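Right, one structure below, let's go through it.
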There are 2 protein chains.
Amino acid sequence: MNTIKKKLTIDDIARLANVSRSTVSRVLNNNPNVNEAKRKRIMDIIDEQHFVPNSMARNLGTGSTRTIAIFVGEITNQYFSEIIRGAEEVAISQGYFPLICLIQNPGREQFYIEEMIQQRASGAIIVSSSIKNAASIRQLAMSMSLVSIQSELCGIAPLYYLDTENQLGIYNITKHLIQLGHRNLAYLSTLPNTTVLEERYAGFCKACSDFHLSFAEDHVLHGYHKEDISVSVENLILSENRPTALCCCNDFSAGIAYQKIRQLGLRIPEDISLTGFDDLPIATIMNPMLTTVKQPIREMGRRAMKLLIESLDNAENPVSGTVLRFPSEVILRESTAPPAAI
Amino acid sequence: MNTIKKKLTIDDIARLANVSRSTVSRVLNNNPNVNEAKRKRIMDIIDEQHFVPNSMARNLGTGSTRTIAIFVGEITNQYFSEIIRGAEEVAISQGYFPLICLIQNPGREQFYIEEMIQQRASGAIIVSSSIKNAASIRQLAMSMSLVSIQSELCGIAPLYYLDTENQLGIYNITKHLIQLGHRNLAYLSTLPNTTVLEERYAGFCKACSDFHLSFAEDHVLHGYHKEDISVSVENLILSENRPTALCCCNDFSAGIAYQKIRQLGLRIPEDISLTGFDDLPIATIMNPMLTTVKQPIREMGRRAMKLLIESLDNAENPVSGTVLRFPSEVILRESTAPPAAI
DNA sequence: TTGTACGCGTTATCAC
DNA sequence: GTGATAACGCGTACAA
């Protein structure tokens, strides 16, 4: 019961069925050139013996792994797990196998990149706040097709780059705050300062500028780890010139700000309005529920995988660098309100 | 730049270095029996040509993949992603490669099980609210070593079964509610009704019994999908005999109850106290923050991987069925309070 | 220290 | 239809 069975090979099955290994192979691969009775007999023996072909040997023979690497950052962050969900679902439906690579630090990044090259993955989807190792990613690009979701690849152009209307999304939600009457705004970003984040910040700046608002320099916050962000927010909240609204670059950092604001005894939105970006499930767990910009995260995961596999299956080499923009949409909820009367 | 390089083989390197492929193989595997000058020369050529050995061929030869399957349910649920984090970290540090299998439905379950057998994974960690396909899991058990985290395997005994003090945890948190003065309790469980959930429910029952409390039969809720749970909670809240406290079998369902309670305009904990189990990150995002039972989720992921790899590396066949219990601990936060005076 | 020859389990290419 | 036989890319006894 508990003993691990010795592995059978295709030759064992051939012997039991009194045929050559070629015939068994044909049955295994649904090749029509096999006598029906023989096929049935062989299939029965395969089932009976619980024979399972060795995919390594198979891949070695065919020269293809039908394997897709999915590089993601922190998996406990729902942004990444949503993308995985979307990408995985498409991969499987197309007969590809997803290899999930957790690159929460530069060491892992390099490890998984090398590993995927060794394993001869057919392609890779990369979604990470930042890729650190230029040499590694360059080698990855030489080994397989790449698709990026909101990620910079150290200057390497992927086959496709998927992103959303970052600037417009933040512009609109900032406008919403301004139209509620807020005049003293602050902006919370994370590090490193990628293109995606720059676009969002630009949206904030443009909205302020369009409505003739200025903001203090120390009202623009940055942080990488939860702790840094937390401290920045605390300093902001306790400062003389406390803003009446805080616009965050994503829901993750908005969640951290939310906790800190609560901890300091302030009310959202009465004392300060708060906004995010992503529309993760936690946005509706928060109380008040978070006003945020929704982007089709899972759909981007699906599309990334779909485009990658299409290019793989068509064996054509499309020109790298196609950019796809997905729409973003402001979702009004409870965390924003007019500022308290002064 | 965008062209995928044709793959080099160990023979190409051997030719370029004027040595046999065995020597290159030795260099690749850090075999000391190689002339230093020659080693250096070969390494240079390897770097220069960006040669990367093919791990499929390597595994085929050695007969070992050093690969561990991690079967998990819904990856967007932080319970599962925390376990993955812990397990992944240990796997990599021990030179094993984690293959993450998302078994959100019976079809995927069977697919991934067959796939892992084909890929000749060295072992598997299973963490799922339920395994459906008995035949598949049985075959998996015949193909590799299994470790289970809070999961039933259709009667198959894994090498190790890791779990927490389910009954004691719920007993203690129920006791907490009773000692706050609650006399009208309800319990929210999910489906399917696994051993883990039975133990938790038993803890609830025992606490009630020890304190001479009875509860109405319709105060015990069940649900599988978010929608079912939501409806059950709504019915409970709107019923004549509304409880003053709701004890949930995990944080996930507590989160759903929390949203529904808010939506119905009730206050937590003033109108109803709420408790969970797991202590996921969302427990502190909720407002009020959730009183819950903490279990060492990530640590269980680490231990599961550690035990599995130890048994694999030692090549001994330990007796299956060892059970490890981890402690659980009540974390008092804001979602529980004495019931409102009648 | 180095090279030769074979095996790993499968697919593909031939003949028959 | 079917069956030998040669790849696929590497590790590894074994011999030198």
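Predicted model only: the values in this text are computed from it and were never measured.
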### Exam field: side chain N29(A) to backbone N31(A), donor-acceptor pair closer than 3.5 Å
no

### Task
Could you note down all residue pairs passing side chain to side chain donor-acceptor pair (under 3.5 Å) where residues 92-102 of chain A supplies at least one of them, sequence neighbours left out?
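Output for this query lists Y96(A)-D313(A).
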
### Test item: L99(A) and Y112(A) side chains (from C-beta on) under 4.5 Å apart, heavy atoms
no

### Query
Side-chain contact, heavy-atom cut-off 4.5 Å: I126(A) with F71(A)?
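I126(A) vs F71(A): side chains touch.
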
#### Entry: With sequence neighbours excluded, residues passing ring-ring contact (aromatic ring centres under 6.0 Å, His included) with F51(B)
none

[N] [atom2] sits how many Å from [X] [atom1], rounded?
X	N	atom1	atom2	answer
N54(A)	dT11(C)	CG	C1'	13 Å
N59(A)	dG9(C)	CG	C1'	11 Å
D11(A)	dT11(C)	CG	P	11 Å
Q118(B)	dG9(C)	CD	C1'	13 Å
L8(A)	dC8(C)	CG	P	14 Å
N29(A)	dT10(C)	CG	P	11 Å
E36(B)	dT1(C)	CD	P	10 Å

### Message
Could you tell me the boundaries of the chain B footprint on DNA chain D, defined by atoms under 4.0 Å from its heavy atoms?
### Response
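Range of nucleotides within reach of chain B: dG9(D) to dT12(D).
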
#### Entry: Verdict with supporting geometry, D44(B) and K40(B), salt bridge (charged side-chain N to carboxylate O under 4.0 Å, His left out)
CA-CA 6 Å; D44(B) 285 346; K40(B) 171 108 181 54; 2.9 Å; yes

### Task
Look at all strands and tell whether N35(B) reaches a base, only sugar-phosphate, or nothing, counting heavy atoms closer than 4.0 Å.
sugar-phosphate

Dump every N/O contact between nucleotides 3-6 of chain C and the protein below 3.5 Å, one line per pair.
from	atom 1	to	atom 2	distance (Å)
dG3(C)	OP2	S20(B)	N	3.0
dG3(C)	OP2	S20(B)	OG	3.3
dG3(C)	OP2	T23(B)	OG1	2.8
dG3(C)	N7	R26(B)	NH2	3.3
dG3(C)	O6	R26(B)	NH2	2.6
dT4(C)	O4	S22(B)	OG	2.7
dC6(C)	N4	R21(B)	NH2	3.3

### From CZ (R108(B)) to CD1 (I92(A)), nearest 0.5 Å
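Separation between the atoms: 4.5 Å.
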
### Query
Among all residues two or more places apart in sequence or in another chain, which pass the salt bridge (charged side-chain N to carboxylate O under 4.0 Å, His left out) test with E115(A)?
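In terms of salt bridge (charged side-chain N to carboxylate O under 4.0 Å, His left out), with neighbours along the sequence ignored, E115(A) is linked to no residue.
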
### Pairs satisfying salt bridge (Lys or Arg N to Asp or Glu O under 4.0 Å), at least one member in residues 63-80 of chain B, at least two apart
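Sorted result for residues 63-80 of chain B: R85(A)-E74(B).
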
### Message
Pick the closest DNA chain C nucleotide for S25(A) and for V34(B) by heavy atoms, then say which residue is nearer the 5' end.
### Response
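It is V34(B) whose nearest nucleotide is closer to the 5' end.
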
